[in-house]
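One structure is given here, and the rest of the page talks about it.
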Amino acid sequence: MKKIILLSLFALLVIASLVRAELTQSQEVTATVVHSSAAYVYRNSALVDNNLIRFIETLGFNITKISESQIPLANLSKYQLIVIGDENFRKPSELKVGNYPSVVINHYNLYQFGLTDRDGGSILGATAPLNVMANNISVQVYSSAFRSDRVSANYIYLEKSNIAHNLQSVAFTQPTSSGKKFGTAIAYASVGTVLENGKTTKKNICFFGIKEAKLWTAEAKNLFRDCVIFAAR
Amino acid sequence: MKIYFFFLFIIFFISAVSAVGFSPSSLVFKLDKNHEQCQAITLTGVTDEIDVINVWAENSQAEWKVGEFKNEASSHGLELSYSINDVENNKYIDVCVQGSKEGEYHGAIIFKQSQQGNSIVQLAVWLKVTITSQEKTESSGSGASSQAISKNQQTANQVQNKIQQLSSSNTQPAQENPNAQALADSTPEENEKTSFNFVYFVLPLVLIILFYIAIKVYSKIKYKRRSLGYI
């Protein structure tokens, strides 16, 4: 009887320590802002990235989807975070990126948002899963080279010659024949940054080019979490 | 009234000829093992996001048919990367290739526009990659020129490299819809020449002629109406 009690106690201890380890690990990714609200701005409901939304929810945000047409009536200032999806918005200036804490995952309207010059953003893809250079370390950001079937997964980057001068580059493109750090895959603009469109940011902006949330590796998730924390700070 | 239709026709014609195009039609890479080389492709009149697909023939003897290309780059030890830059209505694409196995490989890089209504436009550029232990480089005349190619494009002479523009009226991928493929055989040099002729010479000339005809017709009608006492 004693043996059984001791064995079950030991088993309980093992299980408890395992659960604790699992919780600590998941907290590394998820524990950020609890019970905050975020708005996901889209133009076409068919193009809403639900994988991205689900991940933002795991970071502690309640997401409200707002279509571009609702923007004039929506009170964006009540959200702790605005997420701009990768769509070609009709009136990008109405989104007023820079007035609200924003995460921009978009390559169509970067010029209007003031994050690049007129040439806008660029796209990088490959037949191998893509990497970025973060803190001078190559980090794999996608688990696969392909988005679907044989369509390659790519990410957006801001080319050295096009990026707004005052942005802070956090992660660079993977080295290719074009050179090292020829583009920025993740960039921050702090409050008070003068953007390429002449506007000064009132809130933080994070540009996050690694747009295929479905394929994010754990490292990419961490980079996105940091991006959200910066924007919502 | 007729004159308005005529102008409408011209407007329609202009929009039709300035539709989607690409240059060059083929890229030839001759490179040393594990050495990367990049070449450029220009897509004109493409503003939407494009999906990029690359497909490869099983061996170099296989027919130049996209539908027959079922292999992935990795199966031949090839690594392909690309970067896309948008400038106005054009996309400038840098395609970089490197390989770890000696041999000749045939493939295609397909640029697929997002679905618009019932149709999808796919553009394919042939890729011929020769990996040797000796370092040789050859450009297929890419990057310097842009080309506007309409759906049923001209066929030139040589066969070494082929051009393919795919435009299908349904959602089927081009590989499954060979009838929708418009094939033209031409060498890269010829493609460059053609693009120069078409964009810089033929197109403006056609537009000038059309404009001249339109003015002539308009003034003739005006004269006729005046002589009949309508004006």
Side-chain angles (χ1 to χ4, degrees), chain A residues 43-44 46-47 49 85-88 105-112 116-131 142 144-163 172-180 182-185 209 211-212, chain B residues 29 31 35-40 43 46-56 66 69-100 107-115 122 127 129 137 173-176:
Chain A
R43 180 178 158 187
N44 178 353
L47 297 176
D49 188 343
D86 192 24
E87 292 184 72
N88 196 357
I105 311 178
N106 179 295
H107 84 278
Y108 292 99
N109 308 114
L110 292 169
Y111 168 63
Q112 291 92 335
T116 64
D117 63 12
R118 276 181 186 278
D119 289 340
S122 305
I123 299 284
L124 185 75
T127 51
L130 290 171
N131 295 280
Y142 290 148
S144 163
F146 303 102
R147 179 156 32 107
S148 60
D149 194 15
R150 285 183 289 186
V151 178
S152 59
N154 51 46
Y155 62 64
I156 312 159
Y157 68 93
L158 314 177
E159 208 176 79
K160 219 191 299 185
S161 56
N162 302 333
I163 188 170
F172 294 92
T173 46
Q174 65 182 33
T176 69
S177 286
S178 305
K180 284 180 183 174
F182 59 91
T184 294
K211 59 179 182 161
E212 310 284 354
Chain B
F29 293 88
L31 48 146
H35 276 66
E36 195 177 44
Q37 194 188 83
C38 302
Q39 291 185 26
L43 304 186
V46 180
T47 48
D48 289 330
E49 192 175 5
I50 48 169
D51 286 337
V52 182
I53 300 163
N54 69 93
V55 287
W56 296 85
V66 173
F69 291 5
K70 301 237 161 93
N71 285 39
E72 285 182 14
S74 56
S75 64
H76 296 310
L78 295 171
E79 272 182 41
L80 187 138
S81 66
Y82 62 88
S83 63
I84 305 171
N85 290 293
D86 289 316
V87 178
E88 291 171 358
N89 286 340
N90 303 330
K91 286 189 192 291
Y92 297 94
I93 301 158
D94 252 339
V95 179
C96 302
V97 177
Q98 69 170 319
S100 55
I109 186 163
I110 302 166
F111 304 103
K112 188 175 162 188
Q113 267 191 296
S114 53
Q115 192 175 339
Q122 296 190 100
L127 302 171
V129 179
T137 53
Q175 298 92 300
E176 293 157 24

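Reminder, nothing fancy here: chain letters follow the sequence lines and each chain counts from 1.
- Here the straight-line distance linking atom OH of A:Tyr157 with atom OG of B:Ser83 works out to 3.5 Å at 0.5 Å rounding.
- No part of B:Gln98 comes within reach of chain A, as not one of its non-hydrogen atoms sits under 4.5 angstrom from that chain.
- Among residues two or more places apart in sequence or in another chain, the side-chain hydrogen bond (donor to acceptor under 3.5 Å, both in side chains) test is passed with A:Asn88 by A:Asn109.
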Practice task
Assess whether side chain to side chain contact (heavy atoms under 4.5 Å, CB included) is satisfied between B:Lys91 and A:Ile123, documenting all intermediate values.
Solution key: CA-CA 10 Å; B:Lys91 286 189 192 291; A:Ile123 299 284; over 6 Å; no

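- Note that CG of A:Asn154 and CD of B:Glu49 are 6.5 Å apart. Values are rounded to the nearest 0.5 Å.
- In terms of heavy-atom pairs under 4.5 angstrom with chain B, the leader among A:Leu130, A:Asp119, A:Thr173 is A:Asp119.
- For the atom pair CZ (A:Phe146) and CG (B:Asn54), the distance works out to 6.5 Å, reported to the nearest 0.5 Å.
- Between the OG atom of A:Ser161 and the CG atom of B:Asn85 there is a distance of 7.5 Å, given to the nearest 0.5 Å.
- In this structure, CG in B:Asp86 is found 15.0 Å from OH in A:Tyr111, a value given to the nearest 0.5 Å.
- Closest approach of B:Glu79 to A:Thr127, counting heavy atoms only: CA-OG1, 3.5 Å.
- Among the candidates A:Arg118, A:Gln174, A:His107, the residue making the largest number of heavy-atom pairs closer than 4.5 Å to chain B is A:His107.
- Taking each heavy atom of A:Ala126 and B:Tyr82 in turn, the nearest pair found is N-CE2, 3.9 Å.
- Heavy atoms of B:Ile93 lying under 4.5 Å from chain A are absent altogether.
- Applying the salt bridge (charged side-chain N to carboxylate O under 4.0 Å, His left out) rule to A:Asp86 yields the partners A:Lys211; only residues at least two apart in sequence or on another chain are considered.
- Atom CD1 of B:Ile84 sits about 11.0 Å away from atom CD1 of A:Ile156, to the nearest 0.5 Å.
- A 4.5 Å side-chain heavy-atom check between B:Ile110 and A:Arg150 finds every atom pair outside the cut-off.
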